[in-house]
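Each remark here refers to the structure printed beneath this line.
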Amino acid sequence: AAATMTLDLSTTAAASDPATAPAPAPAPAPPRRAATALVLFVGTGCRPGPAHGESLAREGMRSLWLPGIVQALAASRLARFDAAVLDGALLEGRDAATLSHLHDALQCPLLLLADQGDELDEIMALELGADAWLLRPVAPRRLRAHLAALMRVQQRAPLNETAPHDFDETDNTDGWQLDRITNRLR
């Protein structure tokens with residue numbers, strides 16, 4: 001059973017009367033991993049099939065599919081996503097700011113799926129803000145592995161938390177010294 005969820009974007013997140021609120025849906029079966037990641041799929045060309053959903057669920061990932069960028073931007077205000085997979089066809093005819101704006105709103109790694117492309121297409125996607133680029137069709141295990149790797153990198157190095165250490169000419173640690181001229185440790 002694939003762990004796919006839905007998110008109602010037709011209503012706002014206003015407070016409601018608890019007495020009239022609908023009963024919560026039954027909780028899904030717990031995933032294999034303790035932490036559950038939420039992966040957003042955006043665009044008709046990257047709607048996860050049953051095999052992809054099952055592969056993600058085995059690794060403790062739930063998925064949400066939305067048809068377009070507008071809906072993804074609305075969802076970014078309602079939920080926190082651990083990764084997003086975007087149909088590259090959604091970017092055709094749009095300016096470069098679209099991908100950057102989506103990336104900023106979601107605050108998670110963004111993997112772009114393309115139907116066709118070459119090295120130049122991949123470079124452009126990465127330079128516009130995608131964290132990874134894959135050519136379709138993508139096997140479920142490969143997609144899962146790429147998503148897991150992107151999330152690991154995100155967890156290891158949160159953005160803008162620390163500045164790199166600024167060494168000076170006299171930095172010496174445990175017998176090692178930085179040579180600023182050759183940029184080597186001695």
Side-chain angles (χ1 to χ4, degrees), residues 1-16 18 20-88 90-91 99-114 125-126 129-162:
T4 303
M5 67 175 283
T6 58
L7 182 64
D8 184 6
L9 298 175
S10 63
T11 60
T12 60
S16 62
T20 61
R32 192 170 78 180
R33 291 187 176 176
T36 301
L38 181 56
V39 180
L40 176 64
F41 288 81
V42 183
T44 56
C46 71
R47 189 172 193 160
H52 288 89
E54 289 171 9
S55 179
L56 294 174
R58 279 194 298 274
E59 292 299 317
M61 297 180 200
R62 295 176 297 144
S63 62
L64 169 66
W65 173 80
L66 295 172
I69 292 175
V70 172
Q71 294 86 355
L73 290 170
S76 73
R77 293 185 294 273
L78 300 173
R80 183 189 159 295
F81 298 97
D82 297 289
V85 180
L86 180 67
D87 181 1
L90 290 175
L91 298 177
L99 186 61
S100 177
H101 182 62
L102 183 61
H103 199 279
D104 291 344
L106 292 172
Q107 291 294 304
C108 67
L110 184 62
L111 187 146
L112 192 67
L113 290 182
L126 295 171
D131 296 296
W133 181 89
L134 291 174
L135 195 58
R136 278 189 281 246
V138 179
R141 287 180 61 190
R142 184 172 184 218
L143 178 63
R144 184 186 72 219
H146 275 271
L147 288 170
L150 287 171
M151 287 186 277
R152 271 194 316 271
V153 169
Q154 177 91 2
Q155 288 171 354
R156 268 189 252 148
L159 297 176
N160 300 326
E161 275 198 18
T162 59

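- Here the side chain of H52 pairs no donor or acceptor atom with the backbone of C46 at under 3.5 angstrom.
- The CG atom of L111 sits 10.5 Å away from atom CE of M151, with the distance rounded to the nearest 0.5 Å.
- Rounded to the nearest 0.5 Å, atoms CZ (R142) and CG (L134) are 5.0 Å apart.
- Under the side chain to side chain donor-acceptor pair (under 3.5 Å) criterion, R136 pairs with D87, D115, sequence neighbours left out.
- Taking CG from L73 and CG from L102, the interatomic distance works out to 5.5 Å, rounded to the nearest 0.5 Å.
- By the 4.5 Å heavy-atom criterion applied to side chains, V138 and H146 are not counted as neighbours.
- Judged by distance alone, with hydrogens and angles left aside, the side-chain atoms of Q71 form a donor-acceptor pair with the main-chain N or O of G68 at under 3.5 Å.
- Take S55 and apply the side chain to side chain donor-acceptor pair (under 3.5 Å) test, not counting sequence neighbours, and it matches R144.
- Distance check: L147 CG to R152 CZ gives 11.0 Å after rounding to the nearest 0.5 Å.
- Identified under the salt bridge (charged side-chain N to carboxylate O under 4.0 Å, His left out) test for residues 69-81, with sequence neighbours left out: R80-D82.
- Inter-residue side-chain proximity for W65 and T44 is flagged as met; some heavy-atom pair is nearer than 4.5 Å.
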### Query
Hey, mind stepping through L112 and L91 against side chain to side chain contact (heavy atoms under 4.5 Å, CB included) and telling me if it holds?
CA-CA 10 Å; L112 192 67; L91 298 177; 3.8 Å; yes
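- Note: T36 OG1 to L56 CG = 12.0 Å, rounded to the nearest 0.5 Å.
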